[in-house]
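Every chain is numbered from 1 and lettered A, B, ... according to where its sequence line falls, protein lines coming before strand lines.
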There are 2 protein chains.
Amino acid sequence: MTESDRTQTELPNRGQAAVADLISALERVDGQLAAREQRVADYVKANIDSISTMTIAELAGAADVSTPTVIRFCRSLGCDGFKEFKLRLAQNLAVSLQYIQADVGEEPANVENALDHVLAAIYATTNVMRKQLDPRQLEGAKAAIIGCKQLLVAGMGGGSSVLAQEGANRFFRLGITTMAVNDSYILQMRAATLRPDDTLLLFSASGETDAIVAAAKVAGAYGARTICISKPGTRLADVVSIPIVVDLPEDPHIFKPTATRYAFLAILDAIAMSVAYETRDETTENLRRIRSSLTAYHGRTGPQPLGD
Amino acid sequence: MTESDRTQTELPNRGQAAVADLISALERVDGQLAAREQRVADYVKANIDSISTMTIAELAGAADVSTPTVIRFCRSLGCDGFKEFKLRLAQNLAVSLQYIQADVGEEPANVENALDHVLAAIYATTNVMRKQLDPRQLEGAKAAIIGCKQLLVAGMGGGSSVLAQEGANRFFRLGITTMAVNDSYILQMRAATLRPDDTLLLFSASGETDAIVAAAKVAGAYGARTICISKPGTRLADVVSIPIVVDLPEDPHIFKPTATRYAFLAILDAIAMSVAYETRDETTENLRRIRSSLTAYHGRTGPQPLGD
DNA sequence: CCTGATTTGTAATTTAAGTACATTATTTTT
DNA sequence: AAAAATAATGTACTTAAATTACAAATCAGG
């Protein structure tokens with residue numbers, strides 16, 4: 001078996017689109033690499049910001065391996081070669097260098113510091129998200145929501161249930177009949193009553209929550225359109241009709257809040273905004289009514305966002 | 001005069017540290033380049049995102065100049081050569097100048113476009129927020145939450161009530177007795193039962209919601225510490241003991257979702273993260289328990305964030 | 001319309017990336 | 001426990017890209 005055969009067969013979907021975020025790819029393969037490749041990985045992680053300017057020979061020398069090993073390492077990470085690896089690393093670092101270093105380094109001494117960690121994570125995560133998203137799926141989601149008779153939004157567990165709530169909140173304002181659910185039994189029942197012109201929107205960071213996957217299956221079986229905002233290659237992603245999926249770098253540190261929420265929220269906002277523009281005539285009327293009802297209620301005016 | 005002499009004398013401060021931002025360097029030299037170099041500049045500006053993957057020969061061919069001309073162009077921009085030029089360009093672009101330059105223009109034609117609007121707003125808003133925040137108030141909030149016997153979190157209306165929910169969610173994980181409220185009557189009652197060692201955390205984008213302001217007053221009267229995440233110069237900001245306030249630019253366009261939510265969420269995350277670090281011993285135990293209960297429930301493992 | 005400076009391209013050189021294949025470890029099978 | 005198969009790794013070579021030297025062409029000012 002020649003070198004090129006091997007990479008073709010064993011890493012079929014490498015290349016440009018395979019991995020958008022090298023840092024998380026690095027985390028993912030960590031520990032399951034061949035011994036020498038792992039050495040390269042260790043060196044890269046320890047000197048992450050100087051890699052982009054090194055030659056393959058320098059890196060090989062520094063990690064004390066041969067140059068082909070470095071190339072194999074790059075391929076294991078889903079890159080086409082060393083050049084692509086360097087380029088992608090540079091792009092990733094331009095955004096998240098601060099974030100990575102902070103993580104390796106010390107814990108936040110004060111709240112201001114913590115805020116910088118949070119912002120850096122938001123920045124890095126949304127950037128990665130932006131690059132991974134498939135525009136066609138987004139358009140599909142928009143269409144499925146605009147056309148629907150009823151939109152059911154669900155998410156389980158802290159983060160996702162809050163997102164579901166927010167989703168219902170947004171679409172309701174656009175005049176769409178919407179409801180958020182975060183009780184697994186109610187979700188199951190509601191999902192079973194959906195019809196072909198209804199849409200189910202599911203949030204799940206893990207993509208493996210049983211209740212959510214089950215709901216998607218049931219709703220799909222009854223012909224409803226199902227959308228998920230989740231992770232690729234998960235049970236949920238496989239079972240819905242419109243998967244909006246991104247593989248985001250999760251900070252392994254348990255104290256850090258997950259930045260995935262921000263990315264998902266941004267996706268939701270983008271879809272909602274598009275839907276609003278597409279249906280702007282009815283929407284405007286709806287928003288006007290909501291605003292005037294609020295004004296009547298507490299007399300506030302001005303360019304405030306709706307609600308609080 | 002040889003080639004190397006010339007670059008040495010005429011462009012003395014080229015190299016790594018000379019130019020941080022290639023895009024602006026490109027603007028600066030625009031128009032004062034030699035004819036063929038200008039052609040390269042024009043091509044680069046028109047195809048800026050594909051340059052990083054081109055070879056020097058390709059770029060030379062596309063701009064219809066010779067390869068040395070391309071190198072000279074790179075040097076005119078302060079780079080050491082084509083390689084450095086490509087690298088720096090890639091880094092610059094990764095930081096998505098499209099967002100920084102903002103002014104994303106007209107209404108979004110598609111969802112992808114809407115997403116850019118959303119991201120631009122997030123970046124702009126969080127940036128402004130970061131600059132306005134008073135670190136002392138953040139520290140005050142942290143202290144008030146760490147020391148408290150009970151934390152009551154509240155917000156009214158779509159956005160803020162979701163934030164309150166999320167707040168309760170976060171702090172509960174840290175072992176703090178927490179509850180979120182979004183019913184104005186219940187809030188009023190609960191606020192009235194707070195004691196000096198309790199803390200009330202309020203979210204309000206407007207800072208003028210009656211129920212929230214009233215709750216702050218009552219809780220304060222009974223000696224509880226009151227924190228708000230809101231807007232400066234509002235009734236709410238004036239009445240709480242620890243005002244965390246930022247005046248954020250709101251997009252007047254009614255279809256755009258408010259980016260304030262992201263800024264507030266980031267503040268919440270930062271405080272929660274700080275609290276987590278400060279109380280890390282008890283917190284770790286708590287998170288461990290939560291994790292193992294979840295694992296027992298659905299058997300999932302790995303570096304997943306807690307909950308979903 | 002010449003002279004010196006500047007710009008630009010051709011061709012050669014140097015450097016880096018990538019490949020084929022042999023060698024060495026490691027596992028699996030008998 | 002030895003043999004066979006498989007995987008991991010390095011050496012030496014090939015290919016491709018970046019860079020340099022130098023010569024030709026162009027241009028500005030007298």
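Atom P of nucleotide dT8(C) and atom CZ of Arg39(B) are separated by 9 Å, given to the nearest angstrom. A straight line from NZ of Lys86(B) to C1' of dT19(D) spans 13 Å, rounded to a whole angstrom. dA7(D) atom P lies 14 Å from atom CD of Glu37(A), rounded to whole Å. Between the CG atom of Leu87(B) and the P atom of dA16(C) there is a distance of 15 Å, rounded to whole Å. Residue Phe82(A) contributes atom CZ, which lies 11 Å from atom P of dA16(C) at whole-angstrom precision. Here dA24(D) presents its C1' atom at 14 Å from CZ of Arg36(B), a figure rounded to the nearest Å. Between the CZ atom of Phe85(B) and the P atom of dA17(D) there is a distance of 18 Å, rounded to whole Å. Distance, Ile56(A) CD1 to dT9(D) P: 15 Å, rounded to whole Å.
The pair Asp80(A)-Arg75(A) does not count as a salt bridge, with every side-chain nitrogen at least 4.0 angstrom from each carboxylate oxygen. A salt bridge links Lys142(A) with Glu139(A): at least one charged nitrogen is closer than 4.0 Å to a carboxylate oxygen. A salt bridge between Glu208(A) and Lys231(A) is absent, with no side-chain N of the basic residue lying under 4.0 Å from a carboxylate O of the acidic one.
A donor-acceptor contact closer than 3.5 angstrom links the side chains of Tyr262(A) and Asp269(B).
Of the side-chain N and O atoms in Thr55(A), none sit less than 4.0 angstrom from OP1 or OP2 of dT15(C). Between Arg72(A) and dT9(D) there is no side-chain polar atom (N or O) within less than 4.0 angstrom of OP1 or OP2. Side-chain nitrogen and oxygen atoms of Arg75(A) include none within less than 4.0 Å of the OP1 or OP2 phosphate oxygen of dA8(D). The phosphate of dA17(D) (OP1 or OP2) has no side-chain N or O of Lys83(A) nearer than 4.0 angstrom. One finds no side-chain N or O of Thr67(B) lying less than 4.0 angstrom from the OP1 or OP2 phosphate oxygen of dG9(C).
Within the 6.0 Å centre-distance limit, the rings of Phe73(B) and Phe85(B) are counted as a close aromatic pair.
The side chain of Pro68(B) lies closest to dA21(D), out of dA21(D), dA18(D), dT19(C). When distances are taken from the side chain of Ile71(B) to each of dT20(D), dT8(C), dG10(D), the shortest belongs to dT20(D).
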